[in-house]
Amino acid sequence: MNTPETPSVMLKSLRHDLRLIAGLIAENCRVLDVGCGDGALLDYLVNHKGSDARGIELSQNGVNACVSRGLSVIQGDADTDLLDYPEQAFDYVVLSRTLQATRQPEVVLSNLVRIGKHALVSFVNFGHWKKRIELLFRGRFPVNGQMVNWYNSQDIHPCTILDFVMICKNLGLTVEEAMTVDSQGTKKTISTNGISANLCGEQAIFLLSRERF
Amino acid sequence: MATTSLSLLQVANGNLPGHLVKMGLDKPLYLDSGKSLSPFVVAYETYGKLNQDHTNAVLVCHALTGDQFAANPHPLTGKPGWWDHMIGPDKILDTNRFFVICANILGGCLGSTGPASINPSTGKPWGLDFPVITISDMVRAQIRLLDHLGIDKLFLAIGGSMGGMQVLDLASRYSDRIFAAVPIAAAPRHSAQNIAFHEVGRQAIMADPDWCQGGYLNNDKCPTRGLAVARMEAHITYLSEPALHRKFGRRLQGREELAFGFDADFQVESYLRHQGSTFVDRFDPNSYLYITRAMDYFDLSEGHNGNLAQAFVGTDVRFCVMSFSSDWLYPTTESRTLVRALNAVAANVSFIEIETDKGHDAFLLDEPEMHRTLSGFIDGCALQMGL
């Protein structure tokens, strides 16, 4: 049996994008983490930010890891299970490095800002110069991860920062904040046009909300 | 057969180990059918100690053919209780920390009031004069037991199959009396297929001439053949094709070649016959009719205009819903329907489908993944509750 004294997750042990996401979430809020993995972010939010946090995770191992650390997580996926949540049920809905694996990114993004007052989305930027060089000089399609090939990658919808800005515009989403983070964890704010971030940013984090009329 | 009926007779006469409480003389138990029971008896077992604040109580709800003897050797069969691996010191339901209660359901046949009990107005067994009961009626009886034990709020209600239905009913209608709820391999309503299987079982019992129109106890008879067939049929639905194949395949029973007759040629036949014949030693046929009926009538969305989510509006109960991948009796889709409804009211819910080929009965087995999830969920809840 796991002991209740299991130490909670510390900010510095979180993945860089999750650390920045955690920093964007206000205290004592309701948060849904879609694709929450082993629940590291949820754990941090519950224990350090007083969040009422929930998760959705596809893998049985992930759900088990979460539930066994006392987190409320359901087995499900972003494409099918977001529809069930009522409007504005959460203050924040987090989708970290998962958008590229969804079948319908448009529908998923729309659902994020429907059920949450804010959406926090992080993704690997395929516009980064290293990815461009991969295609330009090696002639091979860039992929994420070392053991992954183009044919067995889960990432069916990879995108660049500019691609992401475009989908947000098409869906009428407001970008409240946007930043990049590199593998050392250095954060940079994305400027208005995003062109240099698109070339130099390894990962991007966007804080979004539905356009208010 | 003689020893068997004697055992059930002893039960009827109250010679049963464990606790019995007679209630409802002053305040009848009002049933969904409009009828009422006064008095009624609840037979129950407890494990562990109730703490000073009465906050560590866990209600374990048993399934169709289960009973209150969830842990330790069973007084009728001598075998370990149906959840012996779950309940005890340092087990998932740790009796060093929790006060675990398991009561025989209303309509059951191991001490609680049911169709085999004596009807106070006639002095004879109720038989078919016993009122038809529902899952909600069973829960009402459980709540009365909690009142009797001085427990205002359960830490946890947990159960598989029909036990899970009671947990859901309790969480829906008595949300202030429960902190956490774990329905396992259950469903928010009985499907047409579920009702169909139950009807076959009931017809088997009623087609047995020894059933005597339900009056077998007054005629010194028992429709054991009908009940055995009902059990055999139901038992198939608790397993899965891969599990049956792994266990028996087409292997022959005690013979080298086919006998060209209707004895049990195959091991699977012999196994089912054994299941049927041992079941009749510990179960009352009329109880089987009443309990299966109660399950068929179960539909949580009823009374909420068919909107299941309405059954949970405003709930602050923490749910952990669990299903098994090879359970085709209460398949994962049923649990997902429930989870969707809980999400629709932004309830606090965890859900996991356990990968296993053992079918519906997996909830009774020592499934490591189920244990891991449960122990995590229960520990997390205990921490929040300060236990």
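The sequence lines fix the lettering, A, B, ..., with proteins before strands; numbering per chain opens at 1.
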Greater than 12 external heavy atoms within 6.0 Å of B/Q193's CD: yes

Where on B/R336 is there a heavy atom nearer than 4.5 Å to chain A: the side chain, the backbone, both, or neither? side chain

Indicate yes or no for a side-chain donor-acceptor contact from A/Q75 to the backbone of B/F351 under 3.5 Å, with no hydrogens or angles considered. no

Heavy-atom count check: over 12 atoms from other residues, nucleotides or ligands less than 6.0 Å from B/Q52 CD? no

Is the number of heavy atoms from other residues, nucleotides or ligands within 6.0 Å of NZ (A/K188) greater than 12? no

Treating A/Q60 as the side-chain partner and B/E355 as the backbone partner, does any N or O pair qualify as donor plus acceptor under 3.5 Å? yes

Where does A/L71 contact chain B at under 4.5 Å (heavy atoms): side chain, backbone, both or neither? backbone

Just wondering, more than 12 heavy atoms not from A/H48 lying within 6.0 Å of its NE2? yes

Taking A/D52, A/V63, A/V73 one by one, which has the highest count of heavy-atom pairs under 4.5 Å against chain B? A/V73

CD1 on A/I74 to CD on B/E353, rounded to 0.5 Å: 12.5 Å

Spell out, as yes or no, whether a donor-acceptor pair under 3.5 Å connects the side chain of A/S72 to the backbone of B/N348. no

Counting neighbours of CZ on B/R189 that are heavy atoms of other residues, nucleotides or ligands and sit closer than 6.0 Å, is the number greater than 12? no

Structural part of B/A347 lying under 4.5 Å from a heavy atom of chain A: backbone

Interatomic distance, CG@A/L32 vs CG@B/N343, rounded to 0.5 Å, equals 8.5 Å

Is it the case that more than 12 heavy atoms not belonging to A/N28 sit under 6.0 Å from its CG atom? yes

Report yes if some heavy atom in the side chain of B/I352 is under 4.5 Å from a heavy atom in the side chain of A/V67; otherwise report no. no

Value rounded to 0.5 Å, distance of OG in A/S68 from CD in B/E369: 9.5 Å

With a 4.5 angstrom heavy-atom cut-off, could you sort out which part of B/V349 is near chain A: side chain, backbone, both or neither? both

Can you confirm whether more than 12 heavy atoms, excluding those of B/Q384, are under 6.0 Å from its CD atom? yes

